[in-house]
Asker: 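Can you keep this structure in mind? I'll have questions shortly.
Every heavy atom of this structure was used, including side-chain atoms; hydrogens, water molecules and symmetry mates were not. Both ligands and their constituent atoms are indexed starting at 1 by order of listing.
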Amino acid sequence: MVTVTEARSNARDNRTAAHSHIKGLGLRDDGYAAETANGFVGQAAAREACGVIVDLIRAKKMSGRAVLLAGGPGTGKTALALAISQELGTKVPFCPIVGSEVYSTEVKKTEALMENFRRAIGLRVRETKEVYEGEVTELTPEEAENPLGGYGRTISHLLIGLKSAKGNKKLRLDPSIFEAMQKERVQVGDVVYIEANTGACKRVGRSDAYATEFDLEAEEYVPLPKGEVHKRKEIVQDVTLHDLDVANARPQGGQDIMSMMGQLMKPKKTEITDKLRQEINKVVNRYIDQGVAELVPGVLFIDEVHMLDVECFTYLNRALESSISPIVILASNRGQCTIRGTEDIVSAHGIPPDLLGRLLIIPTVPYKPDEIRTIISLRAKTESLTLEDEALHSLARRGENTSLRYALQLLTPASILAKVAGRQEIKAIDVEECEELFIDARRSAGIVSNGTNFMS
Ligand SMILES: Nc1ncnc2c1ncn2[C@@H]1O[C@H](COP(=O)(O)OP(=O)(O)O)[C@@H](O)[C@H]1O
Ligand SMILES: [Mg+2]
């Protein structure tokens, strides 16, 4: 039996935080890009090409192939890859890595690649569970003499009353569930959800019967659950194959203090063996055959693909052929360069010809000044920052002269400077001050190569 409930998605969300304004490719029904839509501005041809890729994926015509986004830094390559995964549906895994990430002393390169392949393959598991769900009308712990003697008293049962749209039910629950409820801080008037088999319990929210008109609390109000209190409910869980690997590799730690300390002190890499993966694949395949689960291939995005070496490319070639493979999107801002791991074989983007032959290549182009402007103001809106017109102008100019990313990166520090000065709005002087504090790469390199002594 594969542990599913233990699995928790550890997708590295923070990597995509800079793209939180991107909600999709922003294509119209006819497949053409709207000027500004879904948070995307300009880069029309590349967006349309990505739309075709999405169609190919849906038609299952991408197997054995991959996509390469080629273009300068800050031209939206990562954003496009993320948008493709969003177009494929909600809960489609998106796993962004950088080519150089596969080199570590702990794990083999191909092993690291394999791990990321599995992070990019989702599994949707449907389970029918017996549950109790309702608004808590009563919550009474029943005490008893401690059976072990002594003076203490213990909780022998928990009496709980639950109300749903169709009925009421009183349950007598095990004391362990009482503890779980205390942890979730369940009170009368909350809507809870208890799994009958495992006793797992979850506070869903506050019943909206208790909502007042003027409420300042950060409380989530939920409606009274429909149907009976006791019912069978279909639970859908989305996990990645990597989540399953991790959940099943970790020795299920005990509750005793030593193993808890151990977990705190050593967040060590868990050993995931090939054998374990094969076992998991077997169970996953069985779930799929039984119709309990469904594979959701996601997007594996490998940035700076020229950092991979021949061995990794060989692995990639093979992995693309596999029947369970995610959509692989590569990105590069290099032109001709030597393939890593070879003496002197020069190839486009540092990718060997046999892999190049499998790629659909999409170029991205630098942005026009007004596009940069729109992107910056979009980003400011997403971060709830207000920009004075002149500040926007000044940032946009920096975007043109250096890079879009540099301009976007100045946004947050500039907002901090504005706040320090007691203003809500970012002014041009904040941007200028930031520019003095944080220089862009070209200026930085210039200073160092001119031999300016930082110490003097
Ligand atoms: N066309 C666009 N519309 C809106 N935002 C964009 C666009 N292109 C890039 N961005 C944003 O600009 C920043 C840099 O883009 P990114 O995708 O990281 O570039 P690259 O991967 O090509 O270096 C990101 O925050 C991204 O979301
Ligand atoms: Mg990028």
Asker: Decide if atom CD of Glu390 counts as having more than 12 heavy atoms of other residues, nucleotides or ligands within a radius under 6.0 Å.
Answerer: no
Asker: Might you confirm whether atom OH of Tyr32 has over 12 heavy atoms from other residues, nucleotides or ligands at distances under 6.0 Å?
Answerer: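 Open: at most 12 neighbouring heavy atoms sit under 6.0 Å from OH of Tyr32.
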Asker: Using a threshold of 4.0 angstrom between heavy atoms of the protein and any atom of ligand 1, which residues qualify?
Answerer: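 These residues qualify: Ala18, His19, His21, Ile22, Gly39, Phe40, Val41, Gly72, Pro73, Gly74, Thr75, Gly76, Lys77, Thr78, Ala79, Tyr367, Ile375, Leu404, Arg405, Leu408.
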Asker: Is it true that Glu87 and Arg47 make a salt bridge, defined as a side-chain N closer than 4.0 Å to a carboxylate O?
Answerer: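 No, no charged N to carboxylate O under 4.0 Å.
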Asker: Could you check whether Asp30 pairs with Arg28 (Lys NZ or Arg NE/NH1/NH2 to Asp/Glu carboxylate O, under 4.0 Å)?
Answerer: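 Looking at Arg28 together with Asp30, the answer is yes, because their closest N to O distance falls below 4.0 Å.
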Asker: Between Asp289 and Arg286, does any NZ, NE, NH1 or NH2 come within less than 4.0 Å of an OD or OE carboxylate oxygen?
Answerer: no
Asker: Answer yes or no on whether Arg398 is positioned over the face of Phe438, meaning its NZ or CZ is under 6.0 Å from the six-membered ring centre and within 45° of the axis.
Answerer: no
